[in-house]
Amino acid sequence: MQGLVAELNPEQRAAVLHRGGPVLVLAGAGTGKTRVITTRIAHLVAHHGVPPEAVLALTFTNKAAGEMAERIAGFLGKDAADQMTIGTFHSLGLQILERDAKKLGFTRGVSLLDAADQASAVRNCLKQLRIDPRRHDPRAFLMSIGNCRNAGIPPDELLATPGRELTGKVYRAYLQWLEAYQAMDFDDLILRSNQLFAEHPAVLARWRAKFRTILVDEYQDTNLAQLELVRHLAAEHRDLCVVGDDDQSIYGWRGADIRNILEFETHFPDATALSLTQNYRSTGHILAAANAVIGNNKARRDKSLWTDAGEGEHVRVVTCKDPSGEAAFVAAEITRLRDKLGLRFSDFGVLFRASVQTRAVEEAFRLTGIPYRLIGAYEFFERKEVKDILSYLRLATNPHDDATLLRIINFPQRGIGPKTIELLHDAANRRGRGLFEVIEHADEIAGLGKEQQQNLCALAALIRDSGGFIASQKSLTDLVLWVIDRLGAREAWIRDPTEGPGGERRWKNVEALIAMLAGWEKRHPDGQIRDWLRVVALDSKNVGERDPDEDVVALLTLHAAKGLEWPVAFVIGCQEGLIPHQRTIDAPDGEIAEERRLFYVGITRARRRCFLTYAKVRTGFHGSEPARPSRFLREIPGPHREDVDRQKGGGPTSKEETRARFEALRARLAGK
């Protein structure tokens, strides 16, 4: 371990060795923050006698937590890493509530809603309020509700705020819906944990005693509720290390509060702040451009990244005629650099602010044969057929999950409509029972037809038998296949007219889910179905990771790109209305500052070459219209940029012309 510490630079070493109260490590992009936080954990265990089981390390994705655990296992061994609690804020909240939620009145365990379930709940609330859900996006309400909940703003405050009364009504109805079904959403995992700690000091004391040292990664992404959770747990021992970068705080729209990192010493008056500024990712001109841009933000910690890797290539600011010309330039440059530098397609990242920007790029890539993957376009776990199976698996582990039971109560079709569900609710309320207990005795409910009674009793039997299947310790993939077979689900998916064409394609998605579960089961031979469902519920985006050796160009949003890097990165659409986004242009300075941080994140994804492109014309709802270059481009000093004009001749006028240009380019490169 001492050798590992000796290999760190002086800033990193100071962060690893610091003792005596809370410490904030301001880790700029590419400065080795993961190395610092994992080395610090290993050093605490190896040289300061901290038991592995007393370590709590929090981050924001299961993927990041897994990488952290893997590095620590490399230092201390797998047994030590396995004893630590390394995970996300939400996984910690779930762990706390699975043990103690009954103290808050949750008698049926933790029924956790995913994003689609939450949207469905809001849709039901809108209908109850006689508001047309087709004219109001449930997810927009959920975003506002979540931000209010995490900031401690109750529905009554919105109801009393002019212009926000509608959101207040939906907010109140949504909370009532959660309470009625004893369900929790992701926000509840933190909010309810804080409530538990505040109302039950003995529970808080137990968790404080368990975690004697706490480390938080990506601290700039925390919200007020997460700050409160950290303060609850660290209030006594004060052994707290947080790592983050205020210049990469880009999630304010979903509740992250940059004040948490800017005001760390206010929240923890005995704290020390340290900085990491030596960058190991990018070359000099790229860093100088990034530093110059982000320096225009007023509310930030003063720091400037540097590197000893040399100046490298200038940042190229490329002017194109229109989006087609911009896309053609990107495709041509990828083709040229791949041949010139011997790069793979996976060495290129194309980043954008809004999904509408991908159309021209995808067309250019298809025409020129460039393989690509559009990351985050549609979440696998939000597909209906996948959610159907997951719902049955959740019920096998917790039959009293009313929200999940309602989701599949009529799949496959059992003749159960809104009126039948209303009868079930009435019976449940009269008897003081949950829905599962009611459908177990559906033959006793007046008003139900005989076929409905039989179908509901059969559903209850299936759920009971699924629980028995799990208890028998058989293969988890066998459980899925057994459920599908007993339901006749494959035929139901294929023939379901509400799902449109492509029933066989839906079955392929189920096969992909089964393969995913089989792979997880192989990696975790002692794993339980509850463990896998927890991973899916908390971080579904990273459950089915693509093969890291897949040789494709990454096409993704600037928000999704944080934490990633490529030898060559393109940030396209660098024009007013896109970056900064149109809705922020007339907004308070804080929103423009976050857009600038987003642009900074884009620049710092590049290792060797960075291209910032924009089109003089953009396509909007009303056709083509003039576009102005982003104000952020003007903030890049001349000595660190090279301006390239690709307007002459304009963009390609047809698919045939585009194809001909690239065939000519390939022939020219092949002849060299």
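When every heavy atom of Ser466 is checked against every heavy atom of Val483, the shortest pair comes out as OG-CG2, 4.0 Å. In this structure, Leu158 and Gly168 approach most closely via the heavy-atom pair CB-CA, 3.7 Å. Scanning both residues, Ala151 and Leu224, for their nearest heavy atoms gives CA-CD1, 4.0 Å. Across every non-hydrogen atom of Val110 and Met184, the tightest pair is CG1-SD, 4.1 Å. Among all heavy-atom pairs drawn from Ile86 and Ala81, the shortest one is CD1-O, 4.2 Å. The heavy-atom pair separating Leu448 from Ala442 by the smallest distance is CD1-O, 3.8 Å.
With contacts defined as side-chain heavy-atom distances shorter than 4.5 Å, the pair Gln226/Asn223 qualifies. Between Thr557 and Ser355 there is no side-chain heavy-atom pair separated by less than 4.5 Å. The closest side-chain heavy-atom distance from Glu521 to Trp532 is not below 4.5 Å. In this structure the side chain of Val361 never reaches within 4.5 angstrom of the side chain of Tyr372, judged on heavy atoms. Put simply, the side chain of Leu56 does not reach to within 4.5 Å of the side chain of Lys210, judged on heavy atoms. Here the side chains of Leu113 and Trp177 are in contact, with some heavy-atom distance below 4.5 Å. In this structure the side chain of Leu112 never reaches within 4.5 angstrom of the side chain of Asp401, judged on heavy atoms. Under the 4.5 Å side-chain criterion, counting only non-hydrogen atoms from C-beta, Phe352 is not in contact with Leu558.
Between the side chain of Asn410 and the backbone N or O of Gly415, at least one donor-acceptor pair lies under 3.5 Å. Proximity of a side-chain donor or acceptor of Arg192 to a complementary backbone N or O of Leu94 within less than 3.5 Å is not detected. Listed for the His559 side chain is no donor-acceptor partner under 3.5 Å among the backbone atoms of Tyr251. Under the 3.5 Å distance criterion, the side-chain polar atoms of Gln182 are matched with a main-chain donor or acceptor of Thr107. With Asp531 contributing its side chain and Gln528 its backbone, the two residues share a donor-acceptor pair below 3.5 Å. Distance alone, capped at 3.5 Å, places no donor-acceptor pair between the Glu228 side chain and the Asn194 backbone.
Sorted by first and then second residue, the side chain to side chain donor-acceptor pair (under 3.5 Å) pairs with a member in residues 414-427 read Tyr181-His425, Tyr392-Arg414, Thr420-Gln452; sequence neighbours excluded. Applying the salt bridge (charged side-chain N to carboxylate O under 4.0 Å, His left out) test to residues at least two apart or on different chains, the pairs with a partner in residues 509-519 are Lys508-Glu511. Listed by first and then second residue, the salt bridge (charged side-chain N to carboxylate O under 4.0 Å, His left out) pairs that reach into residues 152-165 come to none, sequence neighbours excluded. Sorted by first and then second residue, the pairs that involve residues 454-468 and meet salt bridge (charged side-chain N to carboxylate O under 4.0 Å, His left out), not counting sequence neighbours, are Glu440-Arg464, Asp465-Arg486. Among residue pairs with one or both ends in residues 135-144, none qualify as side chain to side chain donor-acceptor pair (under 3.5 Å); sequence neighbours excluded.
Atom CD of Gln118 sits about 7.0 Å away from atom CG of Asp187, to the nearest 0.5 Å. The CZ atom of Arg208 lies 8.5 Å from the CZ atom of Phe197; values are rounded to the nearest 0.5 Å. Taking CG of Leu459 as the reference point, atom CG of Asn455 lies at 9.0 Å (rounded to 0.5 Å). Between atom CG of residue Leu390 and atom CG of residue Leu395 there is a gap of 11.0 Å, rounded to the nearest 0.5 Å. Ile484 CD1 to Ile389 CD1: the interatomic distance, rounded to the nearest 0.5 Å, is 4.0 Å. Taken from CG in Asp217 to OG1 in Thr222, the straight-line distance is 11.5 Å, to the nearest 0.5 Å.
Among residues two or more places apart in sequence or in another chain, the side chain to side chain contact (heavy atoms under 4.5 Å, CB included) test is passed with Asp388 by Lys384, Arg407, Ile408, Phe411, Trp493. In this structure, Lys169 has no salt bridge (Lys or Arg N to Asp or Glu O under 4.0 Å) partners at least two apart in sequence or on a different chain. Judged as a salt bridge (Lys or Arg N to Asp or Glu O under 4.0 Å), and not counting sequence neighbours, the contacts of Glu98 are Arg534. For Gln128, there are no side chain to side chain contact (heavy atoms under 4.5 Å, CB included) partners at least two apart in sequence or on another chain. Remark: Arg149 engages Asp185, Asp188 in a salt bridge (Lys or Arg N to Asp or Glu O under 4.0 Å) (not counting sequence neighbours). With sequence neighbours excluded, the residues that form a salt bridge (Lys or Arg N to Asp or Glu O under 4.0 Å) with Asp100 are Lys103, Arg206. In terms of the side-chain hydrogen bond (donor to acceptor under 3.5 Å, both in side chains) criterion, Trp207 has no residue partners (sequence neighbours excluded).
Taking the six-membered ring where tryptophan is involved, the planes of Phe89 and Phe60 are tilted, since the angle between them lies from 30° to 60°.
Under a cut-off of 6.0 angstrom, the local environment of CZ in Arg431 is crowded, with over 12 non-hydrogen atoms contributed by other residues, nucleotides or ligands. Counting non-hydrogen atoms of neighbouring residues, nucleotides and ligands closer than 6.0 angstrom, the CD atom of Glu70 reaches no more than 12 such neighbours.
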Pair Leu456-Val438, side chain to side chain contact (heavy atoms under 4.5 Å, CB included): steps then yes or no: CA-CA 9 Å; Leu456 288 170; Val438 169; over 6 Å; no
Test Ile131 against Leu166 for side chain to side chain contact (heavy atoms under 4.5 Å, CB included), laying out the working first. CA-CA 10 Å; Ile131 299 169; Leu166 179 59; 3.2 Å; yes
Determine, stepwise, if the pair Leu191 / Asn150 fulfils side chain to side chain contact (heavy atoms under 4.5 Å, CB included). CA-CA 7 Å; Leu191 295 169; Asn150 286 304; 4.2 Å; yes
Verdict with reasoning, Leu92 to Leu233, per side chain to side chain contact (heavy atoms under 4.5 Å, CB included): CA-CA 12 Å; Leu92 173 64; Leu233 293 171; 4.1 Å; yes
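With salt bridges taken as basic N to acidic carboxylate O contacts below 4.0 Å, one links Glu363 and Arg366. Between Glu218 and Lys562 a salt bridge is recorded (basic side-chain N to carboxylate O distance below 4.0 Å).
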